[in-house]
*Asks:* 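I'd like to ask some things about the structure below.
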Amino acid sequence: MIVPRNNFVPAGEGPEPFHERLLIRERCSANPRGNRLEPKIAQRPAAAAGVKAGNHALEAPVMDPAPDLGALDILHFPMRSPEQFEHKVLNTGTGYERLQERASGVGIDQLRLLEIHRRGELENYYRTQLRDGLARWPEPAGESPAARELLRRTWTRS
């Protein structure tokens, strides 16, 4: 199955677990390059030789993907706290760096985040995701600008 995913937007820090703090889910998430976030893939063990790096495609599939019936939803929390995000960037980015025979484009987003970390800009990147995530929201039909501004101010409060 190929399942689309959308990120939950980082929120302010607090003592609550991440799933109680991260309440805003993007309608259409983008990767660090600004493209639509890639879906994830799940498979039966006999459906392919394996899952490729990033869990976005199968190695040597022997079955067609199941139709997307909207039955599955991925709750994606890639930025739960600054510390967790930094740990993820370091582990995943250096993992892609070490991946032998890595095809062009594989892990490009994680490598870009690792580069941002090495420049000392990862904390700023993390802090701007809430603002940028809200700015990417499309204007829903019938929603008043005043209600939208109230929501924006409520969620961006420190």
*Asks:* If we ignore hydrogens and angles and just use 3.5 Å, is the side chain of Thr92 paired with the main-chain N or O of Val89 as donor and acceptor?
*Replies:*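 Not a single qualifying donor-acceptor pair exists.
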
*Asks:* Which residue, Leu75, Ile24, Leu23, forms the side-chain contact (heavy atoms from CB on, under 4.5 Å) with Phe8?
*Replies:* Leu75

*Asks:* So with a 6.0 Å cut-off around CZ of Arg119, is the heavy-atom count from everything else above 12?
*Replies:* yes

*Asks:* How close do Ala48 and Gln43 get, counting heavy atoms only, and between which atoms?
*Replies:* N-OE1, 3.2 Å

*Asks:* If you look at every heavy atom in Tyr125 and Ile116, which pair is closest and at what distance?
*Replies:* CD1-CD1, 4.0 Å

*Asks:* To the nearest 0.5 Å, how far apart are CZ in Arg21 and CZ in Arg80?
*Replies:* 10.0 Å

*Asks:* Tell me if a side-chain donor or acceptor on His56 pairs with a main-chain N or O of Pro39 at a distance below 3.5 Å.
*Replies:*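 Side chain of His56 to backbone of Pro39: a pair is present.
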
*Asks:* Could you go through Leu90 and Glu86, starting from their C-alpha distance and side-chain angles, then the distance that decides it, and tell me whether this counts as side chain to side chain contact (heavy atoms under 4.5 Å, CB included)?
*Replies:* CA-CA 6 Å; Leu90 287 170; Glu86 179 179 30; 4.1 Å; yes

*Asks:* Tell me whether Glu121 at atom CD has more than 12 heavy atoms from other residues, nucleotides or ligands lying less than 6.0 Å away.
*Replies:* yes

*Asks:* Heavy-atom distance under 4.5 Å between the side chains of Glu123 and Pro82, does that happen here?
*Replies:*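 Glu123 vs Pro82: side chains apart.
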
*Asks:* In Å and rounded to the nearest 0.5 Å, what is the OH to CD distance from Tyr126 to Glu83?
*Replies:* 8.0 Å

*Asks:* Evaluate whether atom CG of Asn35 has more than 12 neighbouring non-hydrogen atoms of other residues, nucleotides or ligands under 6.0 angstrom away.
*Replies:* yes

*Asks:* For Arg33, does the CZ atom sit with more than 12 other heavy atoms under 6.0 Å from it, leaving out its own atoms?
*Replies:* yes

*Asks:* Please give me the minimum heavy-atom distance between Gln129 and Val9, naming the atom from each residue.
*Replies:*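 Minimum heavy-atom separation between Gln129 and Val9: O-CG1, 4.0 Å.
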
*Asks:* Kindly give the heavy-atom pair with the smallest separation between Leu22 and Phe77, and that separation in Å.
*Replies:*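 It is CD2-CD2, 3.7 Å.
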
*Asks:* Using every non-hydrogen atom in the two residues, find where Thr94 and Asn91 come nearest and quote the distance to one decimal.
*Replies:*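 Of all heavy-atom pairs spanning Thr94 and Asn91, the closest is OG1-O, 3.4 Å.
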
*Asks:* Do NZ/NE/NH1/NH2 and the carboxylate oxygens of Lys52 and Glu38 come within less than 4.0 Å?
*Replies:*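 Salt bridge between Lys52 and Glu38, a charged N being under 4.0 Å from a carboxylate O: no.
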
*Asks:* Between atom CD1 of Ile2 and atom CG of Asp64, what is the distance when rounded to the nearest 0.5 Å?
*Replies:* 9.5 Å

*Asks:* Go through Val3 and Ile41 one step at a time and tell me if the side chain to side chain contact (heavy atoms under 4.5 Å, CB included) criterion holds.
*Replies:* CA-CA 6 Å; Val3 183; Ile41 193 157; over 6 Å; no

*Asks:* Has the side chain of Glu20 got a donor or acceptor atom that lies under 3.5 Å from a matching backbone atom of Glu16?
*Replies:*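 No, the answer is negative, given that no donor and acceptor are paired below the 3.5 Å cut-off.
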
*Asks:* Arg25 and Ile74: which non-hydrogen atoms are nearest, and at how many Å?
*Replies:* NH2-O, 3.5 Å

*Asks:* For the pair Arg5 (side chain) and Ser29 (backbone), establish whether a donor and an acceptor sit closer than 3.5 Å, ignoring hydrogens and angles.
*Replies:*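 It does not hold such a pair.
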
*Asks:* Before you tell me yes or no, could you show the steps for Gln110 and Leu113 under side chain to side chain contact (heavy atoms under 4.5 Å, CB included), namely the whole-Å CA-CA distance, both residues' side-chain angles and the distance that decides it to 0.1 Å?
*Replies:* CA-CA 5 Å; Gln110 298 306 317; Leu113 291 171; 4.0 Å; yes

*Asks:* Give, for atom NE2 of His76 and atom NZ of Lys40, the distance between the pair rounded to the nearest 0.5 Å.
*Replies:* 5.5 Å

*Asks:* With a 3.5 Å distance limit and no angle check, can you tell me whether Arg102 reaches the backbone of Tyr96 through a side-chain donor-acceptor pair?
*Replies:*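 Judged by distance alone, yes, a pair lies under 3.5 Å.
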
*Asks:* Measure the spacing between OG of Ser81 and NZ of Lys88 and express it to the nearest 0.5 Å.
*Replies:* 11.5 Å

